[in-house]
Number of protein chains: 2
Amino acid sequence: MPRPTKHDPERGDARTRLLEAARDIVRAQGFAATSVDQLCRAAGVTKGAFFHHFASKEALGVAAAEYWAETTGALFAAAPYHDHADPLDRVLGYVDFRREIIAGGIEEFTCLVGTMTQEAYASHPAIREACAASIFDHAATLEPDIAAAMKARGIAGDWTAASLAAHMQVVLQGAFILAKAAGGPAVAIDSVDHLKRYLTLLFQTPSKGRTT
Amino acid sequence: MPRPTKHDPERGDARTRLLEAARDIVRAQGFAATSVDQLCRAAGVTKGAFFHHFASKEALGVAAAEYWAETTGALFAAAPYHDHADPLDRVLGYVDFRREIIAGGIEEFTCLVGTMTQEAYASHPAIREACAASIFDHAATLEPDIAAAMKARGIAGDWTAASLAAHMQVVLQGAFILAKAAGGPAVAIDSVDHLKRYLTLLFQTPSKGRTT
DNA sequence: ACATAAATACCGACTGGTTGGTACTTATAG
DNA sequence: CTATAAGTACCAACCAGTCGGTATTTATGT
């Protein structure tokens, strides 16, 4: 969507700057602890501009989750793991890609929508919904490759491609929490390695791997 | 009634009531969104009592994390999964135990320290530390059984008992987030099943399960 | 081409309520 | 009597959100 502004074309328009400020600050402090004034200061805009673009702080939260879904969606769509011929290699390549991002640094790899979900799930239904959409839509992009890998190897356990895609997100979100607790990405990387090991074992064995 | 103040031994002392209120409210709303007044109202005490027992809101956060570590520690110490003779059965029994708790209901199974970690890791180092201690001390209780199971089955992959114990916590924490996002525990249960399947596969195969 | 009208984007002082925290007082237990 | 526990009143800072106004862009009529 075109967003015309000649006022400050260098840094983008106020709306985008606010969204980017929200992405950075909310990831570090959480949604509730981030004030509108703080966001305005960081984005270099005034309160008037904030409430011109967003009806409320909650509306910004929803928009931030949507912006997150857009930008990360583009990042993963352009990632190189899609190039593998074997669907299982694409799935494992996704895990490697996430691992590389985590190894980058703690401020850059944590997930906005995972953080906001925890705070907003009971008190801000609109934000929760936007975060859920971001997480599950992203998980859905993995489903076709998982399903193809299952079919190619004749795997038919008591689990679905959707549940495995969700499990992969579970491991990533959990890894972020323990990384934050530990104060470094080492735990997260180990956990992603466990995830990759699970995927390898799952698609190696023709066994059903029953649970109960 | 001009002198309604009579020590109420039925409900416990003010400090414990505040800690319990914090446990319930912070889990639902997050730490920053929970005000001191709200906690006092819920605990049935006044602000004077609050600041008599806690030097600051942050100090309450630390105490709440410690209280959480104590109470959940006792819960897991008394759980029946320790009774199995085989160490691997004890580890799998732990997963079953967590699964049962999750099936109970969304308000009761989410983790206080996981929620607080996300908000406090950058802005409240003391809380982060207390949360980290709670998580990693709990993970450490699983380590001996994992190590024993590894030894008993001659497993020697490129992973440690500590990293697997941490990975189990990762899955649980991540499962809570996706459950909150989805608005129900179904995803979390599926993910815990995947974790159990991973453990079963890991200890079934004598393979090294190399990753890279 | 040009005047004008209508949106849109943005500004910043202001408001009423809430926040974490303080000061002082009062009650209870040993 | 003294220490601890709890209650009451209050504060300055901060909070989300408002409002009247200005600057810039776009659409329209002639």
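Because only heavy atoms are used, hydrogens play no part in the values below, and waters and symmetry mates are left out as well, while side chains stay in.
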If you restrict it to nitrogen or oxygen atoms, what contacts under 3.5 Å exist between nucleotides 17-20 of chain D and the protein, and what is each distance?
residue	atom	partner	partner atom	Å
D:dG17	OP2	A:Lys57	N	2.8
D:dG17	N7	A:Lys47	NZ	3.3
D:dG17	O6	A:Lys47	NZ	2.9

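In this structure, the CG atom of A:Leu39 is 12 Å from the C1' atom of D:dA16, given to the nearest Å. In this entry the distance linking CZ of A:Phe31 with C1' of D:dA16 reads 11 Å, nearest Å. When rounded to the nearest whole Å, the span between CZ of B:Arg17 and P of D:dA5 equals 14 Å. Atom-to-atom, CZ of A:Phe54 to P of C:dC11 comes out at 14 Å; the value is rounded to the nearest Å.
Cation-pi geometry between A:Lys57 and A:Phe31 is met: under 6.0 angstrom from the ring centre, within 45 degrees of the axis.
For the OP1/OP2 pair of C:dA9 and a distance below 4.0 Å, the side-chain nitrogens and oxygens of A:His52 include at least one atom meeting the criterion. Contact between the side-chain N/O atoms of A:Thr46 and the OP1/OP2 oxygens of C:dC10 is not found at any separation under 4.0 Å. Put simply, A:His53 has a side-chain N or O that comes within less than 4.0 Å of OP1 or OP2 on C:dC10.
Taking the six-membered ring for Trp, A:Phe76 and A:His82 have ring centres at least 6.0 Å apart. Aromatic rings from A:Tyr94 and A:His138 are positioned such that their centres are separated by under 6.0 Å.
In this structure, of D:dA6, C:dT8, C:dG20, it is C:dG20 that holds the atom nearest to the side chain of B:Ser35.
With no hydrogens or angles considered, a side-chain donor-acceptor pair links A:Ser163 and B:His194 at under 3.5 Å.
Applying the salt bridge (charged side-chain N to carboxylate O under 4.0 Å, His left out) criterion to A:Arg90, with sequence neighbours excluded, gives A:Asp145. With sequence neighbours left out, B:Asp89 forms a salt bridge (charged side-chain N to carboxylate O under 4.0 Å, His left out) with no residue at all.
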